Enquirer: 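Starting off with a structure, shown below.
In this text the structure is predicted, and so the values were computed from the model without any measurement.
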Amino acid sequence: DLTETGAPRISVVVPARNAEEWIESCLSAIRANRPAEVILVDGGSTDHTVELARPWVDKVIDDGGTGVAAARMLGVASASQPWVALIDADVVLPANALRDLDRERRDRHLVALQAGLHSVGEGDYWSQSLADHHNHGRSKRWFGVCASLMSRDVLLANPLDAHLRSGEDIDLRIRLMTAGFPVGVSETMIGKHRFADGFSFAGKQWLADGAGLGRMVRKHGRPALFNAMIIPFGAAALGIVRGAREALRPWPYFAGFAVGNYIGLWRGLVDRSVPAPAPGRRVLVGGMVLW
């Protein structure tokens with residue numbers, strides 16, 4: 001489907017906060033795909049993100065500091081096209097990516113399709129280890145929202161949960177699949193996903209991932225329990241075994257990954273901003289906290 005000017009009927013929504021190092025390369029790649037419109041939703045940046053972005057976008061929205069899930073939904077609500085592409089600032093799309101995703105989602109009869117992602121680091125141990133982990137991990141094949149094309153109507157009817165400061169992609173995937181909406185990950189269209197350097201960045205990733213798992217247990221109960229209990233330890237153990245003969249030593253990274261995920265998991269489990277209304281759910285959450 002094309003507009004009168006020949007552009008794909010896609011609105012691109014880019015949530016960003018203090019992303020001045022990445023925002024221009026992200027947006028220039030999006031513009032090269034010629035979507036109908038590009039919307040930046042800024043999370044209160046204190047650097048030059050907004051001024052660097054303005055030449056590349058049609059609209060800038062301030063999310064008022066409500067978090068990335070709410071930021072994405074503000075952009076979706078403001079979009080003018082029937083399909084929206086949610087693209088994070090740390091992603092760079094190849095040429096014709098949006099057209100290829102649109103063609104693939106039609107061929108596969110999907111309401112949402114995430115681009116395949118190849119992660120890259122900045123050359124230091126921590127970002128390279130993050131990238132290597134993501135490139136070999138199972139989560140690479142799970143639908144998410146950092147580079148995805150979705151039906152605007154479906155997303156408005158099943159919005160990202162603004163209470164979830166992390167894990168909103170897992171939550172959306174669970175809800176869409178439970179409701180019978182077909183979603184998928186592209187096997188042919190691959191975008192570049194970037195990780196910043198340093199231990200501090202890696203630590204924030206681990207904590208956020210773990211907290212997302214904990215919040216999923218609070219919200220969804222048993223369907224989220226297996227991942228919360230197994231992923232941190234299981235992924236760390238498998239990563240150490242797999243990387244034992246590689247030049248990039250896996251031990252420090254996966255030790256930090258396991259500890260960071262379990263600390264984040266505990267934080268997510270006790271996050272009362274995410275309701276756990278049923279008595280059985282509260283017992284489950286309490287048991288997980290003790291465990």
Enquirer: What distance do Met288 atom CE and Trp266 atom CH2 have between them, rounded to the nearest 0.5 Å?
Expert: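 Separation between the atoms: 13.5 Å.
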Enquirer: Under 3.5 Å, side chain of Asp169 to main-chain N/O of Val145, donor-acceptor pair present?
Expert: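 Here the side-chain-to-backbone pair does not exist.
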Enquirer: For the backbone of Ala19 and the side chain of Thr49, can you confirm whether one donor and one acceptor N or O come within less than 3.5 Å of each other?
Expert: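 A pair under 3.5 Å: yes.
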Enquirer: Show me the side-chain donor-acceptor pairs of residues 111-122 shorter than 3.5 Å, one per line, residues at least two apart or across chains.
Expert:
| residue | atom | partner | partner atom | Å |
| --- | --- | --- | --- | --- |
| Gln114 | OE1 | Gly144 | N | 2.7 |
| Ser119 | OG | His193 | ND1 | 3.3 |

Enquirer: Using modelled atom types only, decide if a donor and an acceptor are shared between the side chain of Asp124 and the backbone of Ser127 within a distance under 3.5 Å.
Expert: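 Yes, Asp124 side chain to Ser127 backbone: donor-acceptor pair under 3.5 Å.
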Enquirer: Starting from the C-alpha separation in whole Å, work towards a yes-or-no answer on salt bridge (Lys or Arg N to Asp or Glu O under 4.0 Å) for Arg99 and Asp102.
Expert: CA-CA 5 Å; Arg99 289 176 183 264; Asp102 193 39; over 6 Å; no
Enquirer: Would you list the atom pairs, donor with acceptor, under 3.5 Å between side chains in residues 207-226 and any protein atom, with sequence neighbours excluded?
Expert:
| residue | atom | partner | partner atom | Å |
| --- | --- | --- | --- | --- |
| Arg215 | NE | Asp271 | OD2 | 2.8 |
| Arg215 | NH1 | Ser166 | OG | 2.6 |
| Arg215 | NH2 | Asp271 | OD2 | 3.4 |
| Arg218 | NE | Asp271 | O | 3.0 |
| Arg218 | NE | Val274 | O | 2.8 |
| Arg218 | NH1 | Leu269 | O | 2.7 |
| Arg218 | NH2 | Val274 | O | 3.1 |
| Lys219 | NZ | Asp161 | OD2 | 2.7 |
| Lys219 | NZ | Asp171 | OD1 | 3.2 |
| Lys219 | NZ | Asp171 | OD2 | 3.2 |
| His220 | NE2 | Asp171 | OD1 | 2.5 |

Enquirer: Return the set of residues passing side-chain contact (heavy atoms from CB on, under 4.5 Å) with Ser11 (not counting sequence neighbours), or none when no residue passes.
Expert: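 If we apply the side-chain contact (heavy atoms from CB on, under 4.5 Å) test to Ser11, skipping adjacent residues, the hits are Glu37, Ala79, Ser80, Gln81, Val84.
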Enquirer: Is a donor on one side and an acceptor on the other found under 3.5 Å between the side chain of Arg9 and the backbone of Pro82?
Expert: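 Looks like no, no N/O pair under 3.5 Å.
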Enquirer: As an exercise, state the distance from OH of Tyr125 to CG of Leu130, rounded to the nearest 0.5 Å.
Expert: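 Atom-to-atom, Tyr125:OH and Leu130:CG are 10.0 Å apart.
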Enquirer: Looking only at the side chains, is there a donor atom on one of Ser129 and Asp132 sitting less than 3.5 Å from an acceptor on the other?
Expert: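 Short answer, no.
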Enquirer: Please determine whether salt bridge (Lys or Arg N to Asp or Glu O under 4.0 Å) holds for the pair Asp58 and Arg31, giving the CA-CA distance in whole Å, both sets of side-chain angles, and the decisive distance to 0.1 Å.
Expert: CA-CA 11 Å; Asp58 300 293; Arg31 273 300 181 197; 2.8 Å; yes
Enquirer: Name all residues meeting the side-chain contact (heavy atoms from CB on, under 4.5 Å) criterion together with Ala53; count only those two or more places apart in sequence or in a different chain, and write none if there are none.
Expert: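 Partners of Ala53 under the side-chain contact (heavy atoms from CB on, under 4.5 Å) test: Ile23, Leu27, Leu40.
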Enquirer: Determine, step by step, whether Asp47 and Arg17 satisfy the salt bridge (Lys or Arg N to Asp or Glu O under 4.0 Å) criterion, reporting the C-alpha distance in whole Å, the side-chain angles of both residues, the deciding distance to 0.1 Å, and the verdict.
Expert: CA-CA 9 Å; Asp47 63 4; Arg17 184 178 185 275; over 6 Å; no
Enquirer: Is Leu98 reachable from Val76 through a run of I, L, V, M, F, W or Y residues, each pair having side-chain heavy atoms under 4.5 Å apart?
Expert: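 No, Val76 and Leu98 fall in different hydrophobic clusters.
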Enquirer: Is there a side-chain contact between Leu101 and Ser186 (heavy atoms, below 4.5 Å)?
Expert: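 Contact flag for Leu101/Ser186 side chains = yes.
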Enquirer: Could I get the full list of side-chain hydrogen bond (donor to acceptor under 3.5 Å, both in side chains) partners for Glu20, not counting sequence neighbours?
Expert: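 Listed in chain order: nothing, the list is empty.
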Enquirer: Would you say the ring centers of Phe254 and Trp206 fall short of 6.0 Å from each other?
Expert: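 Ring centroids of Phe254 and Trp206 are no less than 6.0 Å from each other.
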Enquirer: What about Val154 and Leu110, same hydrophobic cluster or not, with Ile/Leu/Val/Met/Phe/Trp/Tyr joined at side-chain heavy-atom distances under 4.5 Å?
Expert: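 No.
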Enquirer: Do the side-chain N and O atoms of Arg194 and Ser25 include a donor-acceptor pair separated by under 3.5 angstrom?
Expert: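 Checked: Arg194/Ser25 side chains pair up, N/O donor to acceptor below 3.5 Å.
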Enquirer: By the definition side chain to side chain contact (heavy atoms under 4.5 Å, CB included), identify the one residue from Val68, Asp63, Asp42 that meets it with Pro15.
Expert: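 By the side chain to side chain contact (heavy atoms under 4.5 Å, CB included) criterion, Pro15 pairs with just one of Val68, Asp63, Asp42: Val68.
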Enquirer: What pairs with Ser151 under side-chain hydrogen bond (donor to acceptor under 3.5 Å, both in side chains), at least two apart in sequence or on another chain?
Expert: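 Partners of Ser151 by the side-chain hydrogen bond (donor to acceptor under 3.5 Å, both in side chains) criterion come out as none, since no residue qualifies.
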